[in-house]
There are 2 protein chains.
Amino acid sequence: MSISKKLLNNYGLRNTAFRKKLLQLFQNSDSSLTVEYIKDKIGRNNDKVTIYRALNTFEKSGLIHQVPDRNNLSRYALCNVECNPSNHIHHHAHFICDYCDNTLCIEEIDFPKIKKIKGFKFKKIELIIQGSCPKCL
Amino acid sequence: MSISKKLLNNYGLRNTAFRKKLLQLFQNSDSSLTVEYIKDKIGRNNDKVTIYRALNTFEKSGLIHQVPDRNNLSRYALCNVECNPSNHIHHHAHFICDYCDNTLCIEEIDFPKIKKIKGFKFKKIELIIQGSCPKCL
DNA sequence: TAATTAACGCAACTAAGCTGCAAATATAAA
DNA sequence: TTTATATTTGCAGCTTAGTTGCGTTAATTA
Ligand SMILES: [Zn+2]
Ligand SMILES: [Zn+2]
Ligand SMILES: [Zn+2]
Ligand SMILES: [Zn+2]
């Protein structure tokens, strides 16, 4: 399913000019985006509240997913096209660069199998790696 | 080396009444603590700034380490006694409970070996698991 | 085109965490 | 023990990411 089709279908999202611009920002980037970056790129015509709400909506729809950020800010990356509101689980690692503060989704890593522990129920496993990214190495 | 001795030795930390109380809170708990919890337990005589600064100092000394929190709040847990200012790396997973919002250090999990990827340098690997803890299962 | 409903923009708010400074307390020196 | 020095604490006020409410605007539907 194409991303614009998902935008239309899921939750009856309306295809507004702002949302198209926002989606393009993600598609034109090879990494995740912070609100600050989006604010800068999208121009100050659009309010930060609009950005926060759109990100929220996009996340619920399975268009984007939140990724960890070195400074604990809201940060999002595109999902693969298989995600949707009810199935929205990723099996890739996230890499945080200590130097450029970027976060990257890394599909190349074999996601570790974690064996159960008595007394716990595991629902989601996240692997976060810190270090230096190709640009900063 | 005992924990209170570490408090004295490392970084020349002064053994104040507040710090002893704070350290005891950690020692008397089997999980990690938030600032909110500390505020409640320690009484309102002590200012939140004092708490934040003490936590910061404790972390630098290798007494405690920050753990992930479900709501992105500051949350800390005791280190094992081997930690110190210059060697402060943990090889255990962190478990976040979706129901009681607690975070637990889990030593029982075999920490996965992640193989290198060309272009990256990995310095630290974190494993974060979500689900329900024994109390909430 | 008109009616309906969702999205947007603005202003004001919330709350975690930080900074600066003066007063209090712990340690070291005399 | 007293004095001097350095660190910690408490207070007040600040910063800023993210949220809430509400009236206006724009997209979809009939
Ligand atoms: Zn980098
Ligand atoms: Zn990702
Ligand atoms: Zn629980
Ligand atoms: Zn831990």
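Note on naming: letters A, B, ... go to the chains in the order of the sequence lines (proteins, then strands), and numbering restarts at 1 for each one.
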Student: Under the rule for ring pair (Phe, Tyr, Trp, His ring centres under 6.0 Å), what residues qualify as partners of B:F26, not counting sequence neighbours?
Tutor: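 For B:F26, no residue satisfies ring pair (Phe, Tyr, Trp, His ring centres under 6.0 Å) once neighbours in sequence are set aside.
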Student: Quick check on the helix from C:dT1-D:dA30 to C:dA30-D:dT1: what's the angle between its two end axes, five base pairs per end, to the nearest 10°?
Tutor: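 Computed from the C1' atoms at both ends, the axes differ by 30°.
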Student: Could you run through nucleotides 10-21 of chain D and give me one letter per nucleotide, 5' to 3': B if any protein heavy atom sits under 4.0 Å from the base, S if only the sugar-phosphate is that close, - if neither?
Tutor: BBB----SBBBB
Student: With A:E107, which residues qualify under salt bridge (charged side-chain N to carboxylate O under 4.0 Å, His left out), at least two apart?
Tutor: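 So A:E107 forms no salt bridge (charged side-chain N to carboxylate O under 4.0 Å, His left out) with any residue.
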Student: Figure out the CD1/C1' separation between B:I51 and C:dA15, and round it to whole Å.
Tutor: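 Whole-Å distance recorded here is 15 Å.
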Student: Could you work out, with ring pair (Phe, Tyr, Trp, His ring centres under 6.0 Å) as the rule, every residue matching A:Y76, not counting sequence neighbours?
Tutor: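 So A:Y76 forms no ring pair (Phe, Tyr, Trp, His ring centres under 6.0 Å) with any residue.
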Student: Once you round it to whole Å, what is the distance between P of C:dA26 and CG of B:N9?
Tutor: 18 Å
Student: Looking at residues at least two apart in the chain, or sitting in another chain, which of them share a salt bridge (charged side-chain N to carboxylate O under 4.0 Å, His left out) with B:K135?
Tutor: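 By the salt bridge (charged side-chain N to carboxylate O under 4.0 Å, His left out) rule, B:K135 matches no residue at all.
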Student: Expressed as a whole number of angstroms, how long is the span from A:N10:CG to C:dA6:C1'?
Tutor: 16 Å
Student: Whole angstrom is fine here: how far is it from NZ in A:K60 over to P in C:dA7?
Tutor: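 Spelled out: NZ on A:K60 to P on C:dA7 is 10 Å.
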Student: Assess the side chains of A:N46 and A:K39: does a donor N or O sit below 3.5 Å from an acceptor N or O?
Tutor: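 The criterion, which ignores hydrogens and geometry beyond distance, is not satisfied for A:K39 and A:N46.
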Student: Grab the NZ-P distance between B:K20 and D:dT8 for me, whole Å please.
Tutor: 15 Å
Student: Listed by chain and number, what are the salt bridge (charged side-chain N to carboxylate O under 4.0 Å, His left out) partners of B:D30, not counting sequence neighbours?
Tutor: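 With neighbours one apart ignored, the set is empty.
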Student: Taking salt bridge (charged side-chain N to carboxylate O under 4.0 Å, His left out) as the definition, give me every residue that meets it alongside B:R14, ordered by chain and number, with sequence neighbours left out.
Tutor: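 Testing B:R14 for salt bridge (charged side-chain N to carboxylate O under 4.0 Å, His left out), a comparison that skips the adjacent residues, returns none.
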Student: Which residues pass the ring pair (Phe, Tyr, Trp, His ring centres under 6.0 Å) test with B:Y52, sequence neighbours left out?
Tutor: none
Student: Can you list every pair that meets side-chain hydrogen bond (donor to acceptor under 3.5 Å, both in side chains) and has a residue in residues 123-133 of chain B, with sequence neighbours left out?
Tutor: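 Applying side-chain hydrogen bond (donor to acceptor under 3.5 Å, both in side chains) to every pair that reaches into residues 123-133 of chain B, excluding sequence neighbours, yields A:Y99-B:K123.
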Student: Given atom CG of A:N71 and atom P of C:dC18, what is their separation to the nearest angstrom?
Tutor: 12 Å
Student: Does the protein touch nucleotides 25-30 of chain D at the base, only the backbone, or not at all? Give it as B, S and - per nucleotide, heavy atoms under 4.0 Å.
Tutor: -BBS--
Student: C:dA16 C1' sits how many Å from B:R70 CZ, rounded?
Tutor: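 It works out to 19 Å between those atoms.
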Student: Are the side chain of B:K6 and the backbone of B:C83 linked by a donor-acceptor contact shorter than 3.5 Å?
Tutor: yes
Student: May I have all residue pairs that pass side-chain hydrogen bond (donor to acceptor under 3.5 Å, both in side chains) and include part of residues 55-72 of chain B, sequence neighbours excluded?
Tutor: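 Passing the test, one end in residues 55-72 of chain B: B:H65-B:H92, B:H65-B:H94, B:D69-B:R75, B:R70-B:D98, B:R70-B:D101.
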